[in-house]
2 protein chains.
Amino acid sequence: MAENDIFRALADPTRRAIFEKLAAGSMNASALRRGMEISQPAMSQHLSVLRDAKLVRQERQGRFVNYEVDPEGLTLIVHWLAKYRTFWPTRIADLKVLLKEIDQ
Amino acid sequence: MAENDIFRALADPTRRAIFEKLAAGSMNASALRRGMEISQPAMSQHLSVLRDAKLVRQERQGRFVNYEVDPEGLTLIVHWLAKYRTFWPTRIADLKVLLKEIDQ
DNA sequence: AGGTTGAATAAGTCTATGCTTATGTATTGA
DNA sequence: TCAATACATAAGCATAGACTTATTCAACCT
């Protein structure tokens with residue numbers, strides 16, 4: 001199930017860190033490892049999980065494989081969240097308010 | 001970390017099912033079990049994880065403990081998601097569009 | 001072709017986690 | 001006060017998952 005893949009993927013702090021790094025800018029697997037104390041196979045495995053969850057997507061560029069955020073995964077979360085919007089505090093029930101809040 | 005608790009809590013399909021059930025209406029632990037083929041201790045443990053993640057909250061009512069959705073957890077996810085809104089497809093970048101979409 | 005580099009896969013290990021059974025704790029009511 | 005009911009906790013087990021080392025695959029370069 002897609003939901004399952006997504007939440008399981010995000011359940012790991014290392015994977016969230018990888019995702020966050022990619023959100024700041026696409027890069028290849030080696031670049032992602034810099035400053036992260038993680039082995040090459042571990043990174044590869046994490047990227048595989050994120051890819052299955054549609055949180056990232058890849059594109060081979062010669063010897064390198066470039067990774068970037070895949071909007072599809074985020075969309076799935078947005079939809080999951082929207083199901084429960086009746087429980088959102090009124091302060092953020094209108095996302096425009098939230099976005100303004102975040103922008104500051 | 002709060003984010004960690006939330007995503008780990010939601011990584012389990014049984015817990016998401018429990019959460020969804022509570023979103024449809026508050027109820028006590030026994031009521032939650034109905035139709036769910038889950039032991040009493042397992043339910044209690046799941047509820048404990050959801051509570052730690054601030055996804056549900058409880059209130060003792062005599063012998064029963066009533067559970068309900070805690071908006072705080074959802075708010076945390078909304079904020080997490082908002083960080084990556086630049087990647088949302090333009091179709092749902094404005095939540096008003098999304099909510100209309102979901103309402104139908 | 002052969003060596004080098006970037007990345008994926010295989011196989012094994014160790015820990016986290018979701019379950020179980022058993023027991024403990026609260027609250028109610030006879 | 002004692003039994004029954006609702007729930008929580010303890011302890012143990014079995015599987016999932018995050019790592020490791022070793023190897024393979026793929027693209028580049030000389």
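Reckoned from all heavy atoms, side chains included, excluding hydrogens, waters and symmetry mates.
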Integer-rounded Å distance: [N] [atom2] and [X] [atom1]:
X	N	atom1	atom2	value
B/M43	C/dT20	CE	P	12 Å
A/Q58	C/dG6	CD	C1'	13 Å
B/N66	C/dT27	CG	C1'	16 Å
B/L47	D/dA8	CG	P	7 Å
B/E37	C/dG18	CD	C1'	16 Å
B/F7	D/dA18	CZ	C1'	19 Å
A/M27	C/dG6	CE	C1'	16 Å

**Request:** Please tell me which of B/A11 and A/S48 maps to the more 5' nucleotide of DNA chain C, matching each residue to the nucleotide holding its nearest heavy atom.
**Result:** A/S48
**Asked** Any salt bridge between B/E3 and B/K83, counting N to O under 4.0 Å?
**Response** yes
**Request:** Pick out which of B/R57, B/Q58, B/K21 makes a side-chain hydrogen bond (donor to acceptor under 3.5 Å, both in side chains) with B/Y67.
**Result:** B/Q58
**Asked** If you check the B/H46 side chain, which of C/dG18, C/dA10, C/dT20 turns out closest?
**Response** C/dG18
**Request:** Name the closest nucleotide to the A/Q45 side chain, picking from D/dA6, D/dG17, D/dT20.
**Result:** D/dT20
**Asked** Rounded to the nearest 0.5 Å, how far does CD1 of B/I77 lie from CG of B/L10?
**Response** 5.0 Å
**Request:** Could you pull out all residues at least two apart from A/R15 that satisfy salt bridge (Lys or Arg N to Asp or Glu O under 4.0 Å)?
**Result:** none
**Distance-only side-chain donor-acceptor flag, B/N66 / B/R60, under 3.5 Å** = no
**Prompt:** Checking all strands, does B/R33 fall into the base, sugar-phosphate, or nothing category for heavy-atom contacts under 4.0 angstrom?
**Reply:** nothing
**Presence of A/Y67 side-chain N/O under 4.0 Å of C/dG6 phosphate oxygens OP1/OP2** = no
Set out, line by line, the N/O atom pairs under 3.5 Å between protein and nucleotides 22-27 of chain D.
none

**Message:** As a quick check of understanding, evaluate side chain to side chain contact (heavy atoms under 4.5 Å, CB included) for B/H46 and B/T14, giving each step before the final call.
**Reply:** CA-CA 8 Å; B/H46 280 310; B/T14 304; 3.8 Å; yes
**Asked** Would you call the rings of A/W80 and B/F19 parallel, tilted or perpendicular if under 30° counts as parallel and over 60° as perpendicular?
**Response** parallel
